[in-house]
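Below: one structure, written as structure tokens.
Hydrogens, waters and symmetry mates play no part in the numbers below; they use all other heavy atoms, side chains included. Just follow the structure's listing: the first ligand is 1, and inside any ligand the first atom is 1.
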Amino acid sequence: MNDSPRPPVVVRTRPELEAARAALTGTVAVVMTMGALHDGHASLVRQARQEADHVVMTIFLNPLQFGRNEDLAKYPRTFDADLGLCTAEGVDVVFAPGPDVVYPDGDPGVRVSAGRLGDLLEGKSRPGHFDGVLTVVAKLLHLIRPDRAYFGQKDAQQLLLIRRMVRDLDFGCEVVAVPTVRESDGLAMSSRNTYLTPLDREVALVLPTALGAGESHAPEGASAVRRAARDVLVREPLCLVDYLVLVHPMTLEDVPEWYRGEALLAVAARVGTTRLIDNVLVNIGADGEQARSV
Ligand code: AMP
């Protein structure tokens with residue numbers, strides 16, 4: 001008897017994907033990644049497996065979503081270890097195409113536009129990033145035709161934009177959000193954490209600490225949340241903050257002082273040479289009891 005988990009079917013071309021997809025009966029979930037998998041990705045797979053009959057993972061380093069001065073060339077590539085994680089977590093099919101398979105005619109002349117929401121927050125520092133993300137997500141949804149697609153709350157703006165695209169353009173699949181998985185000390189897991197030096201790694205802890213401080217002031221209102229988070233960040237000069245915002249989760253507009261309800265406290269910062277993002281959803285105005293009961 002052999003109890004070892006079965007490795008996924010690995011496909012790299014469109015005909016191979018078509019054949020593997022046709023062999024899946026029942027509901028299909030997709031988890032889209034850029035590889036360098038960690039426990040955050042595993043958590044998406046675990047939730048997907050609970051809610052669908054089959055899980056397809058895509059591993060594709062999408063050149064369209066990287067700016068010219070960004071880290072495409074040095075992004076960690078760990079395909080063998082990624083396959084190990086997929087095997088352990090019970091992924092059925094891994095689609096790992098090259099850019100020539102996804103973009104056979106080179107850079108696509110027609111792209112999905114993220115619109116105004118794509119110009120805020122991450123979009124300000126990374127022009128065109130979300131058009132690149134949405135274009136590849138649209139293509140992968142067309143190629144895989146899943147019932148459900150799983151994305152991490154860690155990339156809150158990306159999740160919002162994918163939800164909007166799927167709704168606005170009638171993709172007809174369900175988008176499911178998965179909570180952020182953190183290291184035991186609170187740092188959000190990210191493939192980019194491997195760039196951090198030991199000192200950077202310590203400095204980076206200021207991000208979850210600031211978010212936690214903000215969250216703990218939620219009963220007092222928006223300014224108290226912003227102030228508490230900012231006060232933590234300013235005490236760490238090695239953390240160069242790009243933005244710290246408290247915004248409405250749907251519009252990404254700053255919430256006013258009278259606002260009550262769910263808001264997104266989001267931060268982006270450079271630590272050493274690495275740009276990190278993190279966020280938490282906070283319930284503004286709710287006291288501890290209410291916050292726990294929602
Ligand atoms: P990436 O490979 O970084 O493009 O991420 C692929 C998917 O995994 C996206 O939906 C991310 O939001 C999600 N993800 C990345 N890090 C985490 C994390 N720490 N917790 C939960 N989901 C994550």
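Salt bridge status for Asp278 with Arg182: present, with a side-chain N to carboxylate O gap under 4.0 Å. Under a 4.0 Å N-O distance rule, the pair Glu89/Arg49 does not qualify as a salt bridge. A salt bridge is absent between Lys124 and Asp119: the closest approach of a Lys/Arg side-chain nitrogen to an acidic carboxylate oxygen does not fall below 4.0 angstrom. A salt bridge links Asp39 and Arg46; the closest N-O separation between the charged side-chain nitrogens and carboxylate oxygens is under 4.0 Å.
In this structure, Arg182 falls outside the shell of residues with a heavy atom less than 4.0 angstrom from ligand 1. Heavy atoms of Pro179 come nearer than 4.0 angstrom to ligand 1 in at least one pair. Using a 4.0 Å heavy-atom cutoff, Arg192 is absent from the residues neighbouring ligand 1.
Here the heavy atom of the protein found nearest to atom 5 (O) of ligand 1 is His41 NE2, 3.4 Å. Scanning all protein heavy atoms for the shortest distance to atom 22 (N) of ligand 1 gives Leu44 CD1, 3.4 Å. Residue, atom and distance of the protein heavy atom nearest to atom 10 (O) of ligand 1 are Gly152 N, 2.9 Å. Scanning the protein heavy atoms around atom 16 (N) of ligand 1, the nearest turns out to be His38 CE1, 3.3 Å. For atom 4 (O) of ligand 1, the closest non-hydrogen atom on the protein side is Met34 CG, 3.6 Å. Remark: minimum distance from atom 6 (C) of ligand 1 to any protein heavy atom is reached at Met32 O, 3.1 Å. Of all protein heavy atoms, the one lying nearest to atom 20 (N) of ligand 1 is Val181 N, 2.8 Å. The protein heavy-atom contact nearest to atom 14 (N) of ligand 1 is Asp155 OD2, 4.3 Å.
In this structure, Tyr75 and Phe66 have perpendicular ring planes: the angle between them is above 60°, well past the 30° mark.
Remark: ligand 1 atoms within the under-4.0 Å shell around heavy atoms of Thr33 are 2 (O), 6 (C). Heavy-atom contacts of Phe151 reach the following atoms of ligand 1: 10 (O) (cutoff under 4.0 Å). For ligand 1 and Met189, the ligand atoms under 4.0 Å from any heavy atom of the residue are 16 (N), 17 (C), 18 (C), 19 (N).
Across all their heavy atoms, Lys154 and Ser190 have their closest contact at NZ-CB, 4.1 Å.
Side-chain contact check for Ser223 and Glu257: at least one donor-acceptor pair (N or O, by modelled atom type) lies under 3.5 Å. Remark: the Asp200 side chain and the Tyr195 side chain contain no N/O donor-acceptor pair separated by less than 3.5 Å.
Considering backbone and side-chain atoms alike, Gly35 places every N or O at 3.5 Å or more from each N or O of ligand 1.
Of the residues Thr27, Val30, Asp53, the one that meets the side chain to side chain contact (heavy atoms under 4.5 Å, CB included) test with Asp147 is Thr27.
Looking only at side-chain heavy atoms (C-beta outward), Pro108 and Lys139 stay at 4.5 Å or farther from each other.
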